[in-house]
Every structure is written in C-alpha cells, then in structure tokens.
**Q** 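Can you read through this structure? Questions will come right after.
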Amino acid sequence: MTSTATHGIDTPALISWFSGAGRALPWREDGVSAWEILLCEVMSQQTPVARVEPVWRDWLARWPGPAELAAAAPADVIRMWGKLGYPRRALRLRECAVVVVDTFGGEVPTDVDDLLSLPGVGDYTARAVACFAHGQAVPVVDTNVRRVVARAVNGLAEAGPPSNRRDLAAVEALLPARREDAVAFSVAIMELGALVCTARSPDCDACPLAPSCAWVAAGKPAWEGPRRKTQTYAGTDRQVRGMLLDVLRDGDGTATAARLDLVWPDEVQRARAMASLVDDGLVVRGEDRYSLPT
DNA sequence: TACTCGTGGTC
DNA sequence: TGACCAAGAGT
C-alpha cells in the first residue's frame with residue numbers, strides 16, 4: 001500500500017534476526033511431516049509453546065500419524081491431551097484425523113480451503129500448515145503477527161479487535177513475493193512477536209524492526225482504543241468443567257456421581273457444567289456415574 | 001460481532 | 001496478588 005513509507009517491516013532485517021535468535025523448536029527441524037506440524041499448531045492454539053513440546057512428543061510416539069489417531073479411543077485421546085486446556089481440541093483433532101484418512105487419503109491437504117474443512121482447523125491453522133508444512137506463500141495471521149503489524153506499520157500499541165478480512169489483507173500486502181522469503185517472513189514475524197515485540201513489555205532495544213518501527217517513531221504512544229474485556233476464570237463454568245474432567249482424566253476414566261459432587265458445591269452450576277461436557281462429547285453419562293467416552 | 005471454551009505462568 | 005496473557009476455533 002504505502003511503498004514509499006518510511007516505516008513498516010524491514011523484512012531482510014527481520015529474517016536475519018530470526019536466523020540468529022529463533023528458537024530451535026522440534027517441529028522446526030528438517031523432515032518433520034505435515035501431520036506433525038498440524039498437530040503442533042492445533043496444540044499451540046491459545047497455549048504457550050513450552051507446554052506443548054512434551055505433549056507433542058508423547059502424542060506422536062503413541063499415534064505417529066492420522067491413521068493411528070483416527071483409530072484411537074476418545075478416552076485415550078482426552079487423557080493424552082493432559083492439561084493443555086480446551087480439551088474439545090483433542091476430540092476435534094481425532095475427528096480431523098478421521099477426515100484426513102477418509103477424505104484425503106491419509107495425507108494432510110495442501111489447499112487452504114481443504115485445510116479449512118478439517119475439524120479444529122481455522123483461519124490461522126489452515127494457513128500455518130499451508131505455509132510451514134507445504135511452503136506456500138499465504139498470509140499467516142496470529143495474535144503475534146497482528147501485534148507486530150499494529151506497532152511497526154500502524155504505529156499503534158495494540159492491534160485492536162480482530163477482523164479476519166482486514167488482518168489477512170494487511171499481512172498479504174507485506175508478504176514477500178518469493179515463496180521461500182514469504183515462509184521465512186511468516187516464521188520470523190511470529191517469533192518476533194513471541195520473543196521481542198511482546199504484549200506486556202516489548203524489548204525494543206533488541207528489536208530488528210526498531211529503526212523502521214512506526215510505533216517507536218511516534219514515541220510509543222499508549223493504546224487509546226477500548227480495553228479488552230479481562231477474562232475471568234474463577235467461579236466460571238469453565239473452571240467447573242476443568243475440575244470435573246480432571247477427576248475423570250486422572251482416574252481410570254470413570255467416577256461416581258457422588259464423587260463428582262464433591263468437586264463443586266453449587267449444584268446448579270455443577271449440573272450445567274457436566275451437561276455441557278456431555279454435550280461436547282467429552283463425558284458420557286452412565287447409571288450413577290460418568291465416564292470418558294470409550 | 002461477541003461470547004464461550006482450560007490451564008498455568010508472569011509481574 | 002490479582003489482572004493479564006498465551007501459535008484460535010466454533011457458534
């Protein structure tokens with residue numbers, strides 16, 4: 001858009017920074033399959049990368065590919081997911097494996113629209129797989145990328161509410177023409193947002209984009225837009241769901257209703273949380289007990 | 001669009 | 001110490 005702008009993304013500096021400062025994550029090694037990359041992307045949704053690594057390794061040791069996962073019992077999948085959070089992702093991942101096997105011949109699709117048809121794969125993950133696993137020059141937009149663009153290009157402290165169309169177009173405009181450069185750009189800008197241009201305390205002194213950053217040039221003005229609603233957790237249904245599922249996950253996959261009653265005192269909320277777990281397919285109701293789905 | 005959906009670390 | 005945040009997706 002603004003090809004003559006003095007501020008923006010210095011792509012060569014960004015890519016050069018990554019080659020020296022990027023983390024040596026296991027899924028960035030040579031020879032990692034598309035399925036393995038899809039797996040780490042799904043696990044990383046709203047979850048810190050450090051927590052993902054060990055689960056990713058254990059998971060692949062048990063179910064190396066989509067065929068193995070598709071044949072697994074949901075109860076085992078939920079347990080292997082452990083405490084990564086948002087356990088519905090585990091069920092969707094298994095459904096995703098089924099679709100990959102039944103519809104795509106066991107191979108992770110390369111087309112973005114095909115990827116979007118997979119359960120648990122949305123706008124970010126579809127393009128992340130297309131780019132990182134298949135080397136395609138498609139815009140990859142996550143929270144890190146949105147923040148870096150907001151600062152370096154737009155001179156704003158925060159990205160504001162996400163808008164898929166706008167965000168994709170904004171990053172598309174920044175994407176280098178050559179495929180290899182586009183992939184390197186996406187990996188690097190995400191990493192910069194994760195390690196340097198962080199939400200809380202950006203380390204501008206260590207940032208390769210600081211000389212060209214519109215936000216730095218403007219004197220790092222504070223965010224003027226609306227505050228994001230702070231996510232409460234204590235006392236919510238989510239917490240109760242987590243506590244209920246934790247009991248089932250740690251034991252042999254089943255627990256009496258009486259045992260689960262001890263988890264939360266408010267009977268109405270407890271019943272609502274359990275009903276939603278059943279509705280999600282994470283729990284199955286028995287006579288006087290509940291179990292993980294076998 | 002706005003809301004729901006886990007878990008744990010950080011400052 | 002509690003608010004904030006973390007490679008989003010689905011409805």
Side-chain angles (χ1 to χ4, degrees), chain A residues 18 22-23 25-28 36-56 78 81-93 95-96 115-133 139-148 157-168 171 186-195 197-202 223 226-250 263 269 272-273 275-277 279-283:
Chain A
F18 178 83
R23 291 167 293 182
L25 300 172
W27 44 84
R28 287 178 178 166
E36 292 165 344
I37 289 175
L38 188 158
L39 182 66
C40 93
E41 294 299 344
V42 170
M43 288 182 168
S44 299
Q45 292 166 359
Q46 293 289 285
T47 306
V49 163
R51 230 180 288 167
V52 169
E53 240 191 271
V55 181
W56 183 81
I78 292 167
W81 189 258
K83 305 199 122 191
L84 285 181
Y86 296 136
R88 290 184 298 188
R89 288 185 292 165
L91 291 182
R92 292 202 193 105
L93 200 44
E95 295 163 12
C96 174
L115 286 161
L116 284 169
S117 74
L118 300 174
V121 175
D123 288 292
Y124 162 74
T125 304
R127 289 175 179 80
V129 172
C131 179
F132 304 147
V140 182
V141 183
D142 74 333
T143 183
N144 291 308
V145 174
R146 281 167 29 76
R147 186 173 53 250
V148 173
E158 295 183 20
S163 160
N164 218 287
R165 187 182 283 91
R166 273 202 310 271
D167 297 339
L168 279 174
V171 175
S186 289
V187 177
I189 194 171
M190 278 181 61
E191 190 79 338
L192 188 75
L195 299 182
C197 192
T198 60
R200 273 224 222 144
S201 51
W223 174 243
R227 259 302 109 192
R228 278 193 301 276
K229 219 174 299 183
T230 170
Q231 58 170 238
T232 55
Y233 180 65
T236 62
D237 287 4
R238 285 158 75 183
Q239 184 186 23
V240 181
R241 283 168 54 106
M243 296 172 79
L244 289 168
L245 196 60
D246 193 46
V247 171
L248 293 168
R249 200 168 38 209
D250 283 353
V263 162
Q269 188 177 22
R272 187 173 64 232
S276 74
L277 286 170
D279 195 54
D280 286 343
L282 286 162
V283 174

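All chains are named by letter (A, B, ...) in the order of the sequence lines, taking the proteins before the strands, and each is independently numbered beginning at 1.
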**Q** What distance, rounded to whole Å, do you find between the two P atoms, one in dC3(B) and one in dA7(C)?
**A** 23 Å
**Q** Under 4.5 Å between any side-chain heavy atoms of Lys83(A) and Asp246(A), yes or no?
**A** yes
**Q** What's Val42(A) touching, base or sugar-phosphate or nothing? Going by heavy atoms closer than 4.0 Å.
**A** nothing
**Q** Quick check for you: to the nearest 0.5 Å, what is the distance between Arg28(A) atom CZ and Ile37(A) atom CD1?
**A** 10.5 Å
**Q** Rounded to the Å, how far apart are Glu158(A) CD and dC4(C) P?
**A** 11 Å
**Q** If you look at every strand shown and take non-hydrogen atoms under 4.0 Å, does Trp27(A) touch a base, only sugar-phosphate, or nothing?
**A** base
**Q** For Ala128(A), which contact category applies under a 4.0 Å heavy-atom criterion: base, sugar-phosphate, or nothing?
**A** nothing
**Q** Give a yes or no on whether a salt bridge exists between Glu53(A) and Arg23(A), defined as a side-chain N under 4.0 angstrom from a carboxylate O.
**A** no
**Q** For a salt bridge (Lys or Arg N to Asp or Glu O under 4.0 Å) with Glu158(A), tell me which candidate from Arg200(A), Arg147(A), Arg146(A), Arg228(A) qualifies.
**A** Arg228(A)
**Q** Taking only side-chain nitrogens and oxygens of Lys229(A), does any of them come within less than 4.0 Å of OP1 or OP2 of dC3(B)?
**A** yes
**Q** What contact category does Pro161(A) fall into here, base, sugar-phosphate, or nothing, at under 4.0 angstrom with non-hydrogen atoms?
**A** nothing
**Q** Please assess Glu41(A) against Tyr124(A) for the test side chain to side chain donor-acceptor pair (under 3.5 Å), listing each intermediate value before the final yes or no.
**A** CA-CA 9 Å; Glu41(A) 294 299 344; Tyr124(A) 162 74; 2.6 Å; yes
**Q** State which of dG10(C), dA3(C), dC5(C) makes the closest approach to the side chain of Arg228(A).
**A** dC5(C)
**Q** Go through Thr47(A) and Arg89(A) one step at a time and tell me if the side chain to side chain donor-acceptor pair (under 3.5 Å) criterion holds.
**A** CA-CA 11 Å; Thr47(A) 306; Arg89(A) 288 185 292 165; 3.0 Å; yes
**Q** Closer to the 5' end of DNA chain C via nearest nucleotide, is it Val49(A) or Arg92(A)?
**A** Val49(A)
**Q** Just call it for Arg147(A): base, sugar-phosphate, or nothing, with non-hydrogen atoms closer than 4.0 Å on any strand.
**A** sugar-phosphate
**Q** To the nearest Å, give me how far apart CG (Leu118(A)) and P (dG8(C)) are.
**A** 18 Å
**Q** Going 5' to 3' through nucleotides 4-11 of chain B, assign each nucleotide B (protein heavy atom under 4.0 Å from a base atom), S (under 4.0 Å only from sugar-phosphate atoms) or - (no protein heavy atom that close).
**A** -BBBBBBS
**Q** Would you classify Arg28(A) as touching base, sugar-phosphate or nothing, given that sugar-phosphate means primed atoms plus P, OP1 and OP2, and contacts are heavy atoms under 4.0 Å?
**A** base
**Q** Once you apply a heavy-atom cut-off of 4.0 Å, does Ala234(A) come out as touching a base, just sugar-phosphate, or nothing?
**A** nothing
**Q** So how far is it from Leu282(A) CG to Arg241(A) CZ, rounded to the nearest 0.5 Å?
**A** 6.0 Å
**Q** Using a cut-off of 4.0 Å on non-hydrogen atoms, how would the nucleic acid contact of Leu244(A) be classed: base, sugar-phosphate, or nothing?
**A** nothing
**Q** Any base atoms under 4.0 Å from Thr125(A), or only sugar-phosphate, or nothing? Heavy atoms, all strands.
**A** sugar-phosphate
**Q** Taking dA6(C) as the reference, what is the distance to dG6(B) when you measure between their C1' atoms (whole Å, please)?
**A** 12 Å
